[in-house]
**Q** 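Sharing a structure here in structure tokens format.
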Amino acid sequence: MTERRYDPAEIEPKWQRVWAQEHTWEVSNEPDERPKAYVLEMLPYPSGEPHIGHLKTYSVGDAVAHFRRRNGYRVLHPMGYDAFGLPAENNAIKTGQPPREATEESIRAFQREFRAWGISIDWSRELSTHDPAYYRWTQWIFLRLYERGLAYRKEAAVQWCPVDQTVLANEQVIDGHCERCGSPVEVRQLEQWFFRITDYADRLLEDLAVISWPEHVNTMQRNWIGRSEGAEVTFRNDELGIDYPVFTTRPDTLFGATFFVMAPEHPDVFRLAAGTEHERAVHEYVNRAVQESAEERGDTDKAKTGVPLGRTVSNPVNGERIPMFVADYVLMEYGTGAIMAVPAHDQRDFDFARAFGLPIRQVVVPATGEAPPEDTAFAGHTGDESLVDSGHFTGLSSTEAKLAITDWLDREGRGHASVNYRLRDWLISRQRYWGCPIPIVYCERCGIVPVPDSELPVELPEVDDYAPRGRSPLAAAEDWVRTRCPSCGGEARRETDTMDTFVDSSWYFLRYCDSHNDAAAWDRAAVREWMPVDQYIGGVEHAILHLMYARFFVKALADMDLLDVQEPFARLFTQGMITRQGAKMSKSKGNVVSPQTIVERFGADTARCYILFIGPPDHDADWSDSGVEGVHRFLARLWRLATEVAAQSGAEPVPDTPAGADLELLRKTHWAIDKVTRDLGGGRFAFNTAIAAVMELVNACYAARRAGAGVGALRFAIATAGSLLFPFAPHLGAEAYELMTGGRVWEQPWPEVDEALLERDTYELVCQVNGRVRDRVDAPAGAAQEELAALCRAAPNVQAHVDGRDVVKEVVVPGRLVNLVVR
RNA sequence: GCGGCGGUGGUGGAAUCGGUAUACACGAUGGCCUCAAAAGCCAUUGCCCGUGAGGGCUUGCGGGUUCGAGUCCCGCCCGCCGCACCA
């Protein structure tokens with residue numbers, strides 16, 4: 001007799017065929033009595049084959065989706081591809097393979113793998129962002145934003161890679177260098193398209209309170225928005241009669257301003273210096289500063305540099321004339337591009353004042369009245385300090401003075417309360433081929449003209465040459481570029497830049513609700529039915545950009561009365577990275593584990609379970625080959641148990657009044673139901689402990705069998721193990737359940753706990769003396785406190801430790817312990 | 001510098017409400033099965049003392065609250081992540 005072995009290559013395709021043939025995971029938009037649940041993992045970027053991170057994301061999401069379904073929810077769990085983007089284009093430049101071809105090849109690999117992994121996807125809603133049927137609506141949304149003034153074109157300083165001949169997104173610039181080729185980036189002035197996300201800064205900040213996201217992601221979003229409250233204060237240059245507003249968060253230190261600094265890019269710098277003795281020096285300084293790389297410029301350790309402008313401005317609170325400088329530590333992009341410098345209360349101003357021998361005047365002192373040492377005066381601002389040498393504001397607390405001085409400025413017309421943000425408008429233009437074309441034409445007569453909705457999509461033309469030449473490769477497709485003006489019918493030229501791929505992924509979750517609609521981006525009722533996403537799952541690397549942009553889109557679309565939600569993702573889960581030998585997996589390090597190899601060798605169930613068992617899914621975890629084998633052994637143990645018990649005589653029922661090994665096993669089974677249910681319920685992601693509980697149950701089955709448990713109890717325990725394991729190992733879960741019951745586990749409701757079986761007649765009472773465990777005794781379940789205390793006092797080792805001393809206190813925690821306090 | 005998260009056996013980790021610290025797994029050691037190997041099964045496994053019963057110690061460090069602290073409070077140390085010349 002040849003013994004059969006656990007063979008996932010046989011079991012897994014069998015169940016995958018059933019699910020595919022029966023379209024098991026498809027869900028209709030028609031509401032029924034069940035509540036809805038929209039479970040979504042971030043869509044993959046199809047480049048090459050799926051990697052281990054994908055396996056983790058979709059294993060987590062699938063567990064959530066399955067658990068929800070079996071708890072009575074109607075679950076939307078779709079899939080798509082974020083298909084446009086730079087890697088496919090780079091590959092095209094290198095190999096000549098058109099981006100569409102490479103991308104679609106990769107999409108096929110993802111489709112194949114998702115099926116091989118057994119992920120429960122509603123394939124009927126599949127989409128890809130490079131499909132004209134999809135990006136037609138990306139363009140449509142662009143036009144809606146344009147109509148509302150939320151998409152606009154302006155000249156701006158952008159990051160330019162001189163080697164790759166293209167503009168780079170901020171996120172592609174690492175420490176002032178091009179992420180791709182490593183060369184230092186330059187700043188160029190170019191006309192670009194922007195989305196006015198800054199209009200939404202406050203709402204994006206405030207609404208973080210209404211969504212349930214991990215605190216660190218909220219923090220990152222808050223930092224990124226960077227809201228600062230303060231005041232705008234106007235300083236006047238009397239010689240030229242020009243007012244210069246500055247932003248400050250410390251209006252209370254206004255009397256301490258001893259000089260004034262402008263950014264090198266400030267448009268008035270040359271005009272101010274003109275005709276002064278410093279004119280030449282200013283030109284030299286500004287030219288040098290603007291050529292500096294972002295890296296050099298941004299170095300906080302760098303000594304402060306700058307030159308005088310030879311002019312002064314007067315301080316609105318006291319009329320004092322203070323000298324003006326130009327210095328590169330002031331940034332044009334933030335505030336007004338000019339600052340009042342208060343060296344006593346700002347580290348940077350302090351450093352500059354020291355370097356240039358400028359006066360340092362302390363105007364705020366700690367409430368104790370004692371002045372701290374000069375070089376720490378600016379540290380530790382709490383609002384409790386009080387003002388000195390500040391005219392009639394002297395004596396006010398710092399917090400009071402902020403308000404009082406701002407009020408005074410307002411009344412005098414010299415300033416007002418103001419808020420500044422770090423957040424910048426979203427630059428969406430890319431001088432690249434493989435992206436969504438911007439639906440705009442330029443007409444000499446009419447200027448910027450939007451392509452009418454009826455002419456969408458503006459399809460991406462085929463080109464031969466994808467190499468960047470300092471302009472979008474699309475510019476070479478002359479036939480495509482030349483068009484007629486939709487407004488006057490005259491000659492016009494198309495916009496040749498494409499959109500940032502983050503635009504594509506900022507609304508895909510809406511399209512899933514109604515992905516084949518060719519009359520509209522979505523049907524409002526369908527979106528109302530499913531949105532918001534109840535559980536969103538993905539990597540932390542998208543904590544800022546993608547998640548901020550998607551929130552912005554939803555808010556903007558809601559403002560246009562196209563949506564009924566304010567936030568796209570009600571709950572967010574960010575999974576940790578899988579590393580190997582402590583390092584991020586990468587081809588160059590040669591430490592890559594391919595999910596394909598693991599699935600081939602051990603099966604998808606092992607791969608998925610291992611990834612969920614390795615540790616809390618939000619933490620990084622290091623891959624271990626022996627850990628995988630351990631999980632595989634566990635699954636094989638369950639399979640072997642199920643087949644062996646299935647071979648035993650037929651329909652023995654679960655005993656009505658179980659005893660002995662049967663009772664022990666049923667108790668363990670209900671303990672496992674309870675444990676797994678609590679580990680997955682209430683939005684918990686404790687897959688590792690849930691799987692551990694099923695392991696304990698399987699171990700208990702083996703022990704019960706040795707102890708003579710009956711087939712009825714064993715069948716129930718094994719079927720339950722399969723049922724509880726199903727969200728993590730769907731194939732084996734279904735197989736074990738079918739072997740035991742003949743039924744389909746996914747059609748069964750989630751198992752229910754029999755509370756009566758969680759309770760025991762007796763339990764182990766812990767006996768402590770002075771808080772230390774000295775003995776354990778059996779105690780009856782319902783015993784009164786007095787009885788428990790007596791049991792504890794009677795325990796032999798307790799008596800040894802009490803040793804005739806006085807028991808001054810007895811702490812009784814029924815169901816757990818008794819603690820005797822002796823002296 | 002600002003903000004966030006974390007530190008538990010040889011390893012990954014567990015402890016959900018202040019109540020038996022180290023579940024589950026990996027690794028290791030011993031044994032069974034076998035001609036042998038693989039696979040499987042059984043047992044032991046935080047550290048120290050002890051033949052044993054048992055005792056002592058242990059959740060980064062130092063204090064505190066409590067009958068009782070991995071968990072709460074105060075002060076440190078270390079690590080990771082985000083932001084950062086943002087006025």
Side-chain angles (χ1 to χ4, degrees), chain A residues 3 5 214-228 230 246-250 253 261 263 297-302 304 327-331 333-342 345-349 351-352 379 420-424 540 543-544 576 610 613-616 618-631 633-634 636-637 640 675 678-679 681-682 684 686 688-696 698-699 702 706 764-776 797 800-801 807-813 815-822:
Chain A
E3 200 185 324
R5 295 178 60 176
E215 200 42 52
H216 68 284
V217 177
N218 290 341
T219 303
M220 282 157 81
Q221 295 232 332
R222 237 178 270 121
N223 284 345
W224 191 258
I225 295 168
R227 185 179 200 272
S228 298
V246 300
F247 175 73
T248 177
T249 54
R250 296 293 306 275
T253 63
V261 192
R297 177 100 181 246
D299 185 358
T300 41
D301 296 332
K302 194 179 80 167
K304 292 282 176 287
D328 66 1
Y329 82 92
V330 174
L331 308 175
E333 313 88 77
Y334 189 79
T336 62
I339 61 152
M340 66 173 202
V342 184
H345 304 290
D346 181 278
Q347 177 73 55
R348 297 154 297 179
D349 297 343
D351 294 342
F352 191 87
N420 253 267
Y421 300 90
R422 209 192 74 94
L423 185 70
R424 303 273 177 275
V540 222
I544 296 171
Y610 171 66
F613 181 66
I614 192 168
D618 52 332
H619 292 187
D620 289 352
D622 206 58
W623 183 269
S624 142
D625 289 333
S626 52
V628 180
E629 287 166 22
V631 168
R633 266 198 295 276
F634 154 64
R637 267 161 68 78
R640 190 153 21 84
K675 172 74 178 150
R678 280 185 292 120
D679 281 346
R684 295 193 70 211
N688 54 334
T689 52
I691 292 169
V694 182
M695 287 175 171
E696 285 196 56
V698 171
N699 291 343
Y702 275 92
R706 279 197 303 277
E764 191 178 65
L765 180 73
V766 168
C767 303
Q768 298 181 334
V769 177
N770 286 347
R772 323 195 61 147
V773 180
R774 294 304 180 188
D775 219 331
R776 297 177 167 92
N797 204 42
H801 280 89
V807 176
V808 297
K809 189 169 182 180
E810 290 174 351
V811 181
V812 182
V813 186
R816 290 198 183 272
L817 56 80
V818 174
N819 186 17
L820 303 182
V821 185
V822 303

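Letters go in sequence order (proteins before strands), and every chain restarts at 1.
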**Q** Let me have a per-nucleotide readout for nucleotides 24-33 of chain B, 5' to 3', with B, S or -, counting only protein heavy atoms under 4.0 Å.
**A** BSSS------
**Q** Without swapping roles, check the side chain of A/Tyr610 against the backbone of A/Ser624 for a donor-acceptor pair under 3.5 Å.
**A**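 Present.
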**Q** For A/Asp618, which residues count as a salt bridge (charged side-chain N to carboxylate O under 4.0 Å, His left out) partner, sequence neighbours excluded?
**A**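 Salt bridge (charged side-chain N to carboxylate O under 4.0 Å, His left out) list for A/Asp618, sorted by chain: empty.
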**Q** Can a side chain N or O of A/Asn819 be found less than 4.0 Å away from OP1 or OP2 on B/rG19?
**A**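 For A/Asn819, the contact criterion (side-chain N or O under 4.0 Å from OP1 or OP2 of B/rG19) is not met.
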**Q** A/Ser228 side chain: which of B/rC86, B/rA14, B/rA15 is closest?
**A**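 Between B/rC86, B/rA14, B/rA15, the one nearest the side chain of A/Ser228 would be B/rC86.
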**Q** Where does B/rC33 fall, syn or anti, if syn means a chi angle no more than 90° from 0?
**A**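 Base orientation relative to the sugar is anti.
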**Q** Over how many whole Å does the gap from A/Trp224 atom CH2 to B/rC81 atom C1' extend?
**A**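 It is 15 Å, rounded to the nearest whole Å.
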**Q** Apply side-chain contact (heavy atoms from CB on, under 4.5 Å) to A/Ala690 and list each qualifying residue two or more places apart in sequence or on a separate chain.
**A**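 A/Ala690 satisfies side-chain contact (heavy atoms from CB on, under 4.5 Å) with A/Val676, A/Asp679, A/Leu680, A/Phe728 once adjacent residues are dropped.
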**Q** Under a 90° cut-off about 0 for the syn range, is B/rG9 syn or anti?
**A**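 Judged by the O4'-C1' to base torsion, B/rG9 sits in syn, the angle falling within 90° of 0.
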**Q** What's the closest nucleotide to the side chain of A/Thr689 if the choices are B/rA87, B/rU20, B/rA15?
**A**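 Between B/rA87, B/rU20, B/rA15, the one nearest the side chain of A/Thr689 would be B/rA15.
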**Q** Would you mind telling me which residue lines up with the more 5' stretch of RNA chain B, A/Met220 or A/Arg706, judged by nearest nucleotide?
**A**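 In this pair, the answer is A/Arg706.
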**Q** Roughly, in whole Å, what's the span from CD in A/Glu810 to C1' in B/rU66?
**A**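 These atoms are roughly 18 Å apart.
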**Q** Would you mind telling me which of B/rC86, B/rG19, B/rC67 lies closest to the side-chain atoms of A/Arg424?
**A**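 The answer is B/rC86.
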**Q** Go nucleotide by nucleotide along RNA chain B from the 5' end; which of A/Asn223 and A/Leu820 gets its closest nucleotide reached first?
**A**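 Looking at the nearest nucleotide for each, A/Leu820 comes out on the 5' side.
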**Q** So if I take every side-chain heavy atom of A/Thr249 and compare against B/rU20, B/rA87, B/rU16, which nucleotide ends up nearest?
**A**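 The answer is B/rA87.
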**Q** Mark yes when over 12 heavy atoms from residues, nucleotides or ligands other than A/Arg816 sit less than 6.0 Å from its CZ; otherwise mark no.
**A**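 No, CZ of A/Arg816 has 12 or fewer neighbouring heavy atoms, counting only those of other groups under 6.0 Å.
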**Q** Would you mind telling me which of B/rC85, B/rG19, B/rG3 lies closest to the side-chain atoms of A/Thr219?
**A**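 In terms of side-chain proximity for A/Thr219, the closest of B/rC85, B/rG19, B/rG3 is B/rG3.
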**Q** Nearest to the side chain of A/Arg422 - B/rC86, B/rG19, B/rC85?
**A**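 Out of B/rC86, B/rG19, B/rC85, the nucleotide with an atom closest to A/Arg422's side chain is B/rC86.
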**Q** With sequence neighbours excluded, tell me which residues meet side-chain contact (heavy atoms from CB on, under 4.5 Å) with A/Thr336.
**A**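 Expected list: A/Glu232, A/Pro245, A/Val246, A/Ala338.
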**Q** Whom does B/rG3 pair with, Watson-Crick or G-U wobble, provided both distances fall under 3.5 Å?
**A**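 Partner of B/rG3: B/rC81.
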**Q** What residues, two or more places apart in sequence or in another chain, satisfy ring-ring contact (aromatic ring centres under 6.0 Å, His included) together with A/Phe352?
**A**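 A/Phe259, A/Phe325, A/Tyr329, A/Phe356.
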**Q** Of the nucleotides B/rG13, B/rG19, B/rG4, which has the atom closest to the A/Leu817 side chain?
**A**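 That would be B/rG19.
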**Q** Using purine N1 to pyrimidine N3 plus N6-O4 or O6-N4 for Watson-Crick, or N1-O2 and O6-N3 for G-U wobble, each under 3.5 Å, what pairs with B/rG30?
**A**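 Checking every strand shown, B/rG30 finds its partner in B/rC42, with both distances under 3.5 Å.
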**Q** If you restrict it to nitrogen or oxygen atoms, what contacts under 3.5 Å exist between nucleotides 51-58 of chain B and the protein, and what is each distance?
**A**
residue: B/rG55; atom: OP1; partner: A/Asn797; partner atom: ND2; Å: 3.1
residue: B/rG55; atom: OP1; partner: A/His801; partner atom: NE2; Å: 3.3
residue: B/rG56; atom: OP1; partner: A/Arg774; partner atom: NH2; Å: 3.3
residue: B/rG56; atom: OP2; partner: A/Arg774; partner atom: NH1; Å: 3.0
residue: B/rC57; atom: OP2; partner: A/Arg772; partner atom: NH1; Å: 3.2
residue: B/rC57; atom: OP2; partner: A/Arg772; partner atom: NH2; Å: 2.5

**Q** Could you state the CZ-C1' distance from A/Phe352 to B/rA87, rounded to the nearest angstrom?
**A**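 After rounding, the reported distance stands at 14 Å.
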